[in-house]
Undergrad: 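The structure follows.
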Amino acid sequence: MRLAKETIWFTTKTLSFAVLVLLILFTVVTITGSALPDNEGSGQLDSESTVEYVLDAGHHHLGDGIKPELMPVDAEGTVYTKIFVLDRIDGDTARITLTTKSVVPTDNAGIGLFYDHVYVNGNKVGKLNDYIEAKEQDNIPRSVTIYFSTKLLYSGENTITISSGCNADRSDYDDFEFFDLRLEIITESKYQYSENVQPPLRSIWSYSIGGYRNTPLPVVSESGEVIFYTSSQVDPDTPWGKQTINAIDARNGQLVWSHETGGSFELHNYVAYADGLVFASDFRNIYAFGDNALEWKFNLKPYQGEYISAPEVRPIVYNNTVYTTIYNAGKVLAIDAKTGALKWIYSFGPEQEPLDKEYRISYDSTIPAASKGIVVLIEQVEYRENIMPVAIEPGMEDPNELTVEYIEYNGEDIPIEPETESPNVPTPDIRIFTQVFALNASNGEEIWNYSINGVSSLYGKTPFIDNDLVYFGLEDKIVARTLGTGRTIWNADVSWPHIYAVGDGKVFASAGSDVVALDAYDGSLVWKSQGSSGPLSVYGGLVYVGIFGNENLLVLDGNTGEQVWKGGKTFGQEVSQPVLSHGKLYMSASDSRLYAFEHGDPGNQDIYASLVGYLPLFAIAAMLVLLIVFMRKIENKSLALGSWLLALAVVLFLSNIIMLEYIPEAGWGMGLLLFMTLPVIFVAGILLLAYGMWQKRKMKRSDNN
C-alpha cells in the first residue's frame, strides 16, 4: 500500500510539473503582447467634451451651373477654401460638420464620378457623397460629420478645402450647396478616429464568424460603424443549420444584431449594403434586412433553370435597385431595393445555338457592375451534347459500361451523371460562347453586346466602370471599352488577370503570382510587383494586398509598386480582400475570424500569433527537457517514462485546446494528428507506469529478503 501511495504521489508531482510548464508557456505567450485579443476594442468615442469653432455660417454654391433651388443661385466656382488659425490642439480626434443640399449620392457599386471631396491641409479626409442615401433625397438638407485625426492639424494657420466632383472629361461639375461649416476638437476622446491607414498596422480586435476556412468579404456600412457578414449555426432541431445575417460594431468587434433568414439553404458569402439595408441570398431567395427585422424576401424559384442544381445569386445595389445574375439560369433580375418588387428581367439569348445535335445548355456569369444608368456583365453559355443511350440486347452488355443511377426530385427520377466515363462512350461535343452585355439599368433593354473568344471560367472576372470606360479581364488579356457604345479602347496582355480596383488613372490587378498596375487610358504597364499576389484594395495611394503565408498583408506604393510594409499576421494562412473604411482595415482569414487593423506599431503581435500557432511544439520541447532530467535523476526508468508519457498526453491535450481556440483550421492538421496519437501515448504511459510499479515492488521484495 505504501509503495502504491509513493507511486501515485510521484505521478501526481510529474503531472503537476507538466501542467505548470504549459501554464508558464501560455503566460509568456500572453504577456508578450495583447495582440489579437478576442473582441477587445481600442475604446469608444467620447464626444461629451469638445471645443467647437464656427468656421463659416454662410451659404455656398459649388459647381458650374445655375440652380434656382440653391443659395446662392449662381455657382461660386468648383473649389471652396477656408483658412483658419488654431492656437492649440487638445485631443486626438477632430470632426468637420456641415449641412449640404443637392449632393450627388455615392455610386453604391463602388464606382462612378462626381465625388465631392473634403481636404484638411491638403489631406483627403472624406467625400460628401457618402452621406447621401438615395438620389431622390439629394435636394433635402443633409447633416454631414467627417472625423479625422488631429495629427492633420497645425498650431497656427490651417485650411479646409471642399471641391466639386466632375465627369471624366471635366465638362460637367456637381452643383450643390453647403452651409454652417464647423470644426470640433474632442478633448477627451479615447478612440482615435482617423482616415490614416498608413503602415505600420496593428490589430485592434478579432471576431469569430464561424465555419471552416470561412473568408467572406467584409461589408461596411456607409458610416463605417457596422460590418455585415453571413453565417451558418448549428440547429439541433433541424438537419440543417440556422442561416443568419449578422452585424458587428466596427469599433470593438461586438455583435450588434443577428437575424435568421428562416431558409433551409446555406447563405452565400456575398453581401451587399445600401440605403440602410443589407442584402444577401441563398439558392431560393434574396433577403433584405434592416436594423430590426426582415424587410422583404424575393422568391427565386420561378426564375431558376430546368436543372436540379440550384443557382448562385450575386446581388449588387445601384440607384435603389438590386441587380443580380442567377448563376446557372441565364437571367438578370432587377428588383426594387425598398419593396422587393420585380422591375424587369433579362434572359441571355444564345448567340449561335447549334442545330446539328441535341445539347444541354448551362450558363455562367459575372457579378454585374452598374454606373451612369448602365449595367454591364459577362455571360457564358455552354452547349454540351446529350449522348443518347443505345438499346443493348440481353447477353450483349459491355462489362466496362457504367451504370446510370437516379435520384428522386419533385416526384421524378433524375439521372445522375457518372463521375467517370466508359471507354466505349463517345466524347460529347462541347461548345462555349462568351459575351459582354450592357443593359439599360431602368428597363433592362440591351444597349450593346459583343462576343469574346474565351472558354475559361468567369470567376473573379467582374467588370469595373470608371471614367466612362468599362474594364474586364478575360483569358490572358485586360480590355477597356467605352461604357456607352462598347467600342474597344485598348487591350493588354496579362496572364491570369483578376481586376480588383480602378482609380488614380490606373487599373490594379493580380496576374498569377504578380500584382500589376496598368495605365487606365492606354493599357501600358506602369509597374509590376513579382512574387506575392492576392486580393487587393487601393486606398490613399497605397495598394493593400492580402497574401498567403505567415504574414497576411503586403502594402505597395501605388505609383511605383515598391514594397512599403509587410505584416498583419493572423491565425489563418489565407485572407479575404482587404476592406478599408473610415481609418480601419478589415479582412477575414481562414481561421474563420474577422480582423480589424488600424495605424500603429504592432509591437509583439506577430510574435504572439506565431507562438500560439506553435504552442504544442513548444510544449513538447519543454517536456523533452523534463524527460532528460527524469531519466538522469530517477533509477526506475519505466516508472519515470510512464509518468512522463501521461504528463505529455495532458500537456498536448491542453495546448491543443488552447491552439484550436485561436486557430480552428488547425483541427484538420496538427490538431487531428495530436488527437490521433494521444490514445497511443496515454496507453503506453499506463503500461510503462504499471511495469515500473511492478519493478519497484520486485526490488522492494529483493531488498526485504
Side-chain angles (χ1 to χ4, degrees), residues 105-112 132-137 216-222 226 228-230 243 245 247 259 261-263 265 267-304 310-348 363 365-379 437-446 462-465:
T106 289
D107 186 339
N108 290 315
I111 45 185
I132 311 303
E133 296 182 354
K135 189 169 184 179
E136 61 265 29
Q137 298 175 327
L217 179 69
V219 176
V220 187
S221 65
E222 294 165 348
V226 182
F228 306 100
Y229 70 97
T230 63
Q243 308 303 318
I245 306 290
H259 297 315
T261 65
F265 289 96
L267 285 167
H268 302 128
N269 280 338
Y270 193 85
V271 176
Y273 173 84
D275 302 333
L277 294 177
V278 187
F279 303 90
S281 61
D282 57 25
F283 289 132
R284 286 292 173 86
N285 299 286
I286 296 178
Y287 304 91
F289 281 92
D291 290 339
N292 299 318
L294 178 69
E295 297 291 332
W296 53 260
K297 179 171 68 174
F298 185 88
N299 184 11
L300 294 166
K301 189 174 181 179
Y303 310 99
Q304 295 176 1
E312 182 178 351
V313 181
R314 296 171 281 192
I316 65 162
V317 186
Y318 167 73
N319 198 19
N320 280 330
T321 305
V322 178
Y323 298 94
T324 184
T325 55
I326 303 184
Y327 176 70
N328 71 344
K331 296 179 176 67
V332 183
L333 274 63
I335 303 166
D336 189 288
K338 295 296 183 184
T339 65
L342 180 66
K343 288 187 173 182
W344 53 260
I345 184 170
Y346 176 87
S347 298
F348 301 143
Y363 298 90
S365 56
T366 65
I367 299 174
S371 183
K372 309 187 81 169
I374 297 177
V375 178
V376 180
L377 70 154
I378 307 170
E379 64 90 13
F437 285 87
L439 308 176
N440 187 309
S442 299
N443 53 31
E445 293 181 358
E446 185 178 306
T462 302
F464 277 78
I465 302 173

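Quick note: numbers below take in every heavy atom, side chains included, and nothing from hydrogens, waters or symmetry partners. Sequential numbering from 1 along the given sequence is applied to the chain's residues.
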Undergrad: Do any N or O atoms from the side chain of Thr230 and from the backbone of His268 form a donor-acceptor pair under 3.5 angstrom?
TA: yes

Undergrad: With side chain to side chain donor-acceptor pair (under 3.5 Å) as the criterion, how do Thr321 and Lys343 come out once you've worked through the C-alpha distance, each side chain's angles and the decisive distance to 0.1 Å?
TA: CA-CA 9 Å; Thr321 305; Lys343 288 187 173 182; 2.7 Å; yes

Undergrad: For residues Ile335 and Trp296, determine if any side-chain heavy atom of one lies less than 4.5 Å from a side-chain heavy atom of the other.
TA: yes

Undergrad: Between Tyr346 and Asn443, does the side-chain contact (heavy atoms from CB on, under 4.5 Å) criterion hold? Intermediate values first, please.
TA: CA-CA 9 Å; Tyr346 176 87; Asn443 53 31; over 6 Å; no

Undergrad: Tell me, do Pro463 and Ile378 make a side-chain contact under 4.5 Å, heavy atoms counted?
TA: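 Yes. Closest side-chain heavy atoms under 4.5 Å.
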
Undergrad: Apply the side-chain contact (heavy atoms from CB on, under 4.5 Å) test between Leu300 and each candidate in Asn285, Asp282, Leu333; give the one that qualifies.
TA: Leu333

Undergrad: Please assess Trp344 against Val332 for the test side-chain contact (heavy atoms from CB on, under 4.5 Å), listing each intermediate value before the final yes or no.
TA: CA-CA 8 Å; Trp344 53 260; Val332 183; 4.2 Å; yes

Undergrad: State, to 0.1 Å, how close Glu295 and Gly290 come at their nearest heavy-atom pair, and which atoms those are.
TA: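 The answer is CG-N, 3.6 Å.
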
Undergrad: Hey, what's the ring geometry for Phe289 with His259, parallel, tilted or perpendicular (30° and 60° as the breaks)?
TA: parallel

Undergrad: Is the shortest side-chain heavy-atom distance between Ser221 and Tyr273 below 4.5 Å?
TA: yes

Undergrad: Restricting to non-hydrogen atoms, name the atom on Ala274 and the atom on Val317 that form the minimum distance, rounded to 0.1 Å.
TA: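 Closest approach of Ala274 to Val317: CB-CG1, 3.5 Å.
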
Undergrad: Give, for atom CD of Glu379 and atom CZ of Phe437, the distance between the pair rounded to the nearest 0.5 Å.
TA: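 Answer rounded to 0.5 Å: 4.0 Å.
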
Undergrad: Given side-chain contact (heavy atoms from CB on, under 4.5 Å), test Thr324 with Ile316 step by step and report yes or no.
TA: CA-CA 6 Å; Thr324 184; Ile316 65 162; over 6 Å; no

Undergrad: Is the shortest heavy-atom distance from the side chain of Ile286 to the side chain of Lys297 under 4.5 Å?
TA: no

Undergrad: I need the Leu277 CG to Phe228 CZ distance, nearest 0.5 Å.
TA: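 One finds 9.5 Å between CG of Leu277 and CZ of Phe228.
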
Undergrad: Ile374 versus Asn440: any side-chain heavy-atom pair under 4.5 Å?
TA: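 They are not in side-chain contact.
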
Undergrad: Check the angle between the aromatic planes of Tyr318 and Tyr323 and answer parallel, tilted or perpendicular using the 30° and 60° thresholds.
TA: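 Tilted: the ring planes of Tyr318 and Tyr323 meet at 30° to 60°.
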
Undergrad: Minimum heavy-atom separation for Thr325 and Pro368, please, with both atom names.
TA: CG2-CG, 4.0 Å

Undergrad: Quick check: closest heavy atoms across Leu439 and Gly444, and the distance to 0.1 Å?
TA: CD2-O, 4.0 Å

Undergrad: So Ile345 and Lys331, side-chain contact (heavy atoms from CB on, under 4.5 Å) or not? Walk me through it.
TA: CA-CA 7 Å; Ile345 184 170; Lys331 296 179 176 67; 3.7 Å; yes

Undergrad: Measure from the side-chain N and O atoms of Tyr287 to the backbone N and O of Leu267, and report whether any donor-acceptor pair falls under 3.5 Å.
TA: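 No.
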
Undergrad: Once rounded to the nearest 0.5 Å, what's the spacing between atom OG1 of Thr462 and atom CG of Leu377?
TA: 10.0 Å

Undergrad: Work out which heavy atom in Ala370 is nearest to a heavy atom in Val375; give both atom names and the distance.
TA: CB-CG2, 4.1 Å

Undergrad: First locate atom CZ of Phe298, then atom OG1 of Thr339, and finally report the distance between them rounded to the nearest 0.5 Å.
TA: 10.0 Å

Undergrad: Drop me the distance from Ser281's OG to Arg284's CZ, to the nearest 0.5 angstrom.
TA: 13.5 Å

